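In what follows, a structure is listed as structure tokens, so that the remarks can point back to it.
The model shown is predicted, which means the values in this text are computed figures rather than measured ones.
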Amino acid sequence: MQRRDPAPLAALASALLLGCGVALSAGQNDTEPMVLEGKCLVVCDSNPAAEGGVTSSFGISVRAAGAKVAFSAVRGTNHEPSEMSNKSMTIYFDQVLVNIGNHFDLKASAFQAPRRGIYSFSFHVVKVYNRQTIQVNLMHNEYPIISAFAGDQDVTREAASNGVLLHLERDDRLYLKLERGNLMGGWKYSTFSGFLVFPL
């Protein structure tokens with residue numbers, strides 16, 4: 001089987017995209033992707049059927065730059081300020097470890113989906129006081145999707161954890177809500193994470 005020379009394909013992709021007013025930044029070699037100043041990525045290779053891409057008969061794969069979406073937020077302090085979650089019941093986080101795409105709003109402690117797709121979410125919330133039960137809900141557009149409980153009366157530090165795959169539409173919003181219990185006590189080492197598994 002004759003191997004297709006990628007150079008003419010790259011030139012064709014450049015010509016088509018430049019004709020549409022999109023500027024390109026050339027890669028270091030023939031197999032390196034060309035990054036566009038717009039919001040797409042052109043890859044010329046021998047196996048163009050890449051996930052999240054649109055492939056033409058010329059073997060050119062065009063992928064959306066927003067295909068990579070991931071976040072992970074943590075609480076670095078123990079006590080929840082009274083003016084925050086104790087009134088709204090939203091669980092707030094104060095540090096972001098990962099925020100690829102910048103779709104997690106730290107101030108609101110909420111994630112907003114940038115596109116339709118399958119997403120994965122997980123959370124791990126720690127309580128400090130014993131003799132209390134907490135229930136944490138993952139909220140999807142103001143509706144609870146999954147819950148987690150921590151209610152061992154003899155355990156001082158206990159975690160409520162859960163995870164799920166969700167089919168989201170663009171602009172869907174997710175956050176954590178304390179449905180039962182008291183935030184006063186300690187939430188250090190609590191986490192909230194999510195990422196786009198694949199777009200639809």
Side-chain angles (χ1 to χ4, degrees), residues 35-41 51-52 63-129 132-150 156-200:
V35 180
L36 300 150
E37 290 183 3
K39 291 188 176 181
C40 52
L41 180 70
E51 293 183 3
R63 308 175 196 170
K68 294 182 178 180
V69 178
F71 76 92
S72 186
V74 301
R75 281 200 57 82
T77 57
N78 276 327
H79 291 275
E80 186 75 28
S82 59
E83 68 273 12
M84 296 174 68
S85 292
N86 284 332
K87 293 183 179 180
S88 69
M89 303 309 290
T90 298
I91 297 177
Y92 286 90
F93 296 85
D94 54 20
Q95 296 180 23
V96 171
L97 302 179
V98 173
N99 197 8
I100 298 175
N102 294 316
H103 300 295
F104 182 79
D105 183 345
L106 182 61
K107 184 177 181 180
S109 288
F111 171 79
Q112 187 166 334
R115 61 186 301 174
R116 184 170 179 261
I118 301 299
Y119 292 78
S120 175
F121 296 94
S122 62
F123 61 88
H124 179 90
V125 179
V126 178
K127 76 178 182 73
V128 168
Y129 290 153
Q132 74 164 262
T133 298
I134 63 169
Q135 176 186 344
V136 178
N137 292 340
L138 175 64
M139 306 297 292
H140 175 209
N141 295 334
E142 312 303 327
Y143 294 96
I145 295 298
I146 57 173
S147 298
F149 295 85
T156 301
R157 291 174 176 84
E158 189 179 9
S161 303
N162 211 337
V164 70
L165 287 175
L166 293 176
H167 180 178
L168 301 184
E169 299 294 335
R170 182 176 179 179
D171 294 331
D172 280 357
R173 187 170 178 269
L174 288 100
Y175 61 96
L176 295 181
K177 180 180 179 181
L178 185 71
E179 190 68 28
R180 180 183 177 187
N182 193 336
L183 286 177
M184 296 303 293
W187 295 85
K188 194 172 182 179
Y189 311 121
S190 299
T191 64
F192 180 29
S193 303
F195 60 91
L196 173 64
V197 180
F198 54 84
L200 295 175

- Are side-chain heavy atoms of Leu174 and Phe121 found at a separation under 4.5 Å? yes
- Is there side-chain contact between Phe123 and Ile146, with heavy atoms separated by less than 4.5 Å? yes
- Query: Would you call Arg75 and Val126 a side-chain contact if the rule is heavy atoms closer than 4.5 Å?
  - Reply: no
Check: residues 94-101 side-chain donor-acceptor pairs under 3.5 Å, at least two apart:
{"unit_1": "Asp94", "atom_1": "OD1", "unit_2": "Gly76", "atom_2": "N", "d": "2.7"}
{"unit_1": "Asp94", "atom_1": "OD2", "unit_2": "Gly76", "atom_2": "N", "d": "3.4"}
{"unit_1": "Asp94", "atom_1": "OD2", "unit_2": "Thr77", "atom_2": "OG1", "d": "3.1"}
{"unit_1": "Asn99", "atom_1": "OD1", "unit_2": "His103", "atom_2": "N", "d": "3.4"}
{"unit_1": "Asn99", "atom_1": "OD1", "unit_2": "Phe104", "atom_2": "N", "d": "3.2"}
{"unit_1": "Asn99", "atom_1": "ND2", "unit_2": "Phe104", "atom_2": "O", "d": "3.1"}

- Message: What I want to find out is whether Arg173 reaches Glu142 closely enough, with some N-O distance under 4.0 Å, to be called a salt bridge.
- Response: yes
- Message: Return the CG to NE2 distance between Asn162 and His124, rounded to the nearest 0.5 Å.
- Response: 12.5 Å
- With a 4.5 Å limit on heavy-atom distance, are the side chains of Leu166 and Ile145 in contact? yes
- Task: Flag the pair Arg170 / Arg116 as yes when at least one side-chain heavy-atom distance between them is below 4.5 Å, and no otherwise.
- Result: no
- So do Lys177 and Ile91 actually touch side chain to side chain, heavy atoms under 4.5 Å? no
- For Asp105, check side-chain hydrogen bond (donor to acceptor under 3.5 Å, both in side chains) against everything at least two apart and list the hits. none
- Message: Is any side-chain heavy atom of Ser109 closer than 4.5 Å to one of Tyr92?
- Response: yes
- Query: What about Phe71 and Phe192, are their ring centers closer than 6.0 Å?
  - Reply: yes
- Just by modelled atom types, is the Ser122 backbone N or O under 3.5 Å from a matching donor or acceptor in the Ser193 side chain? no
